[in-house]
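What follows is a set of notes on a single structure, which appears directly below.
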Amino acid sequence: MVLDRNIYDNLITELTKDAVTLVAVSKIKPPGDIRKLYDYGQRDFGENYVQELVEKQNLLPGDIRWHFIGHLQRNKVKYIAPFVFLIHGVDSFKLLKEIDKEASKNNRVIQVLLQVHIATEETKFGFDENELEDTLKQADALKHIEIKGLMGMASFSEDQTQVAREFQALSELYKRHQQAHHFSILSMGMSSDYTLAIANGSTMVRIGSLLFGARTI
Ligand SMILES: *Cc1c(COP(=O)(O)O)cnc(C)c1O
């Protein structure tokens, strides 16, 4: 599908009212599509696969802020450590340690979000409440990462009450830790549920298909 400028502009207007940041999720979409949105003014893009992200980063303008939003394997951190802007889905302390190590090698501090498991599906990743607390404590020792906040994905469900409840739970968890850990980013909401996410306190939405059209694979 074509990238409709009106859809983009209207979305930005809507998000700006609530001071919400848009991460345009460009996974599987060609670099030309990203370039088009870039020309509309978009700078934050999200990718799920390491190799694809590295290839696109090489081809596209250097002022793009690349977000890694997929499930990151420890042995692949090194490929994105030189340039990644924010890693959303950190779901283990081991992964956090690896990011810290690779950030140090690159003389960087890498910004991350800890992923919290809020959905009913077991297949989704993330910490539970207690693991989150332990991880935040342990992370104090890591000097090359900065935990900016939390990320979560709601259940894949038509039940709006259920989805809202999950966002609310994550938002409460976020608020509980916000001051002590200087959190500023709560990443929740996708094409199908971003309005509910914003109503429940999201500060950053990850939107793909609404902008780029449905993914065929
Ligand atoms: C693909 C993906 C999105 C975007 O999904 P859409 O439904 O296309 O908006 C957001 N977050 C994550 C983690 C994703 O993998």
Distance-minimising heavy-atom pair for L186 and S171: CD2-CA, 3.9 Å
Tell me if a side-chain donor or acceptor on Y174 pairs with a main-chain N or O of M151 at a distance below 3.5 Å. no
Nearest heavy-atom contact between L173 and L150 is C-CD1, 4.2 Å
Is the count of non-hydrogen atoms from other residues, nucleotides or ligands lying under 6.0 Å from K78 atom NZ greater than 12? yes
Do V112 and V50 belong to the same hydrophobic cluster, where Ile, Leu, Val, Met, Phe, Trp and Tyr are linked whenever their side-chain heavy atoms lie under 4.5 Å apart, directly or via other members? yes
Look at the side-chain heavy atoms of Ile, Leu, Val, Met, Phe, Trp and Tyr, link any pair under 4.5 Å apart, and say whether L96 and L132 land in one connected group. yes
With a 4.5 Å cut-off on side-chain heavy atoms, are H177 and E133 touching? yes
Can you tell me if S155 uses its side chain to pair, donor with acceptor, with the backbone of S157 under 3.5 Å? no
Under a 4.5 Å cut-off applied to non-hydrogen side-chain atoms, are V54 and I80 in contact? yes
Going only through I, L, V, M, F, W and Y residues with side-chain contacts under 4.5 Å, is there a path from F167 to F125? no
To the nearest 0.5 Å, what is the distance between CD1 on I147 and OG on S184? 12.0 Å
Would you say the side-chain atoms of H71 and D91 include a donor-acceptor pair closer than 3.5 Å? yes
V84 versus V77: any side-chain heavy-atom pair under 4.5 Å? no
Would you say Q42 and D44 make side-chain contact, with heavy atoms under 4.5 Å? yes
Can you say whether the rings of F212 and F45 are parallel (under 30°), tilted (30 to 60°) or perpendicular (over 60°)? tilted
Taking all atoms of both residues into account, what is the closest heavy-atom pair of D140 and K143, and its distance? O-NZ, 2.9 Å
Output yes when E172 and K175 qualify as a salt bridge under the 4.0 Å nitrogen-oxygen rule, no when they do not. no
Measure the CD1-NZ distance between I87 and K148 for me, rounded to the nearest 0.5 Å. 14.0 Å
Would you say F93 has more than 12 foreign heavy atoms packed within less than 6.0 Å of its CZ? yes
Taking the six-membered ring for Trp, are Y40 and Y8 parallel (under 30°), tilted (30 to 60°) or perpendicular (over 60°)? tilted
Is it the case that atom CD in E14 sees more than 12 heavy atoms from other parts of the structure closer than 6.0 Å? yes
Is a donor on one side and an acceptor on the other found under 3.5 Å between the side chain of R206 and the backbone of S187? yes
Between the side chain of R215 and the main-chain N/O of K27, is any donor-acceptor distance below 3.5 Å? no
Could you walk me through whether M188 and I118 pass the side-chain contact (heavy atoms from CB on, under 4.5 Å) check? CA-CA 11 Å; M188 59 182 198; I118 52 172; 5.5 Å; no
Would a single hydrophobic cluster contain both M204 and L211, if residues Ile, Leu, Val, Met, Phe, Trp and Tyr are joined by side-chain heavy-atom contacts under 4.5 Å? no
If you take all heavy atoms of N200 and L196, which pair is closest and at what distance? ND2-O, 2.8 Å
Are the side chain of D18 and the backbone of V20 linked by a donor-acceptor contact shorter than 3.5 Å? no
Please answer whether the main-chain N or O of D9 pairs with a side-chain N or O of T13 as donor and acceptor at a distance below 3.5 Å. yes
In Å and rounded to the nearest 0.5 Å, what is the CG to CD distance from L86 to Q111? 6.0 Å
Going by heavy atoms in the side chains, are W66 and L60 under 4.5 Å from each other? yes
Indicate whether the side chain of Q162 and that of R165 have a donor and an acceptor atom separated by less than 3.5 Å. yes
Verdict with reasoning, N48 to V25, per side-chain contact (heavy atoms from CB on, under 4.5 Å): CA-CA 8 Å; N48 287 56; V25 177; 4.2 Å; yes
Considering residues at least two apart in sequence or located in another chain, which fulfil the salt bridge (Lys or Arg N to Asp or Glu O under 4.0 Å) criterion with K56? E47, E52
Is I99 linked to F85 within one hydrophobic cluster, defined over Ile, Leu, Val, Met, Phe, Trp and Tyr using a side-chain heavy-atom separation of less than 4.5 Å? no
Take L22 and Y194 through the side-chain contact (heavy atoms from CB on, under 4.5 Å) test and state the conclusion after the steps. CA-CA 10 Å; L22 170 66; Y194 76 92; over 6 Å; no
Shortest non-hydrogen separation from L37 to A24 and the atoms involved: CD2-CB, 3.7 Å
Between S26 and K29 (side chain of the first, backbone of the second, donor and acceptor by atom type, cut-off under 3.5 Å), is there such a pair? no
Are Y38 and R43 close enough that some pair of their side-chain heavy atoms sits under 4.5 Å apart? yes
Closest non-hydrogen atom pair, A139 against I145: CB-CD1, 4.4 Å
Exam field: side chain E121 to backbone F156, donor-acceptor pair closer than 3.5 Å: yes
Could you grab the distance from atom OG1 of T135 to atom CG of N130, nearest 0.5 Å is fine? 10.5 Å
Atom CD1 in I69, atom CG in L113: separation rounded to 0.5 Å? 11.5 Å
Heavy-atom distance under 4.5 Å between the side chains of E55 and N58, does that happen here? no
Test item: L136 and L114 side chains (from C-beta on) under 4.5 Å apart, heavy atoms: yes
Let me confirm one number: the CG-NE2 distance from N107 to H144, rounded to the nearest 0.5 Å. 7.5 Å
Applying side-chain contact (heavy atoms from CB on, under 4.5 Å), run through F83 and N106 and close with a yes or a no. CA-CA 9 Å; F83 66 88; N106 286 279; over 6 Å; no
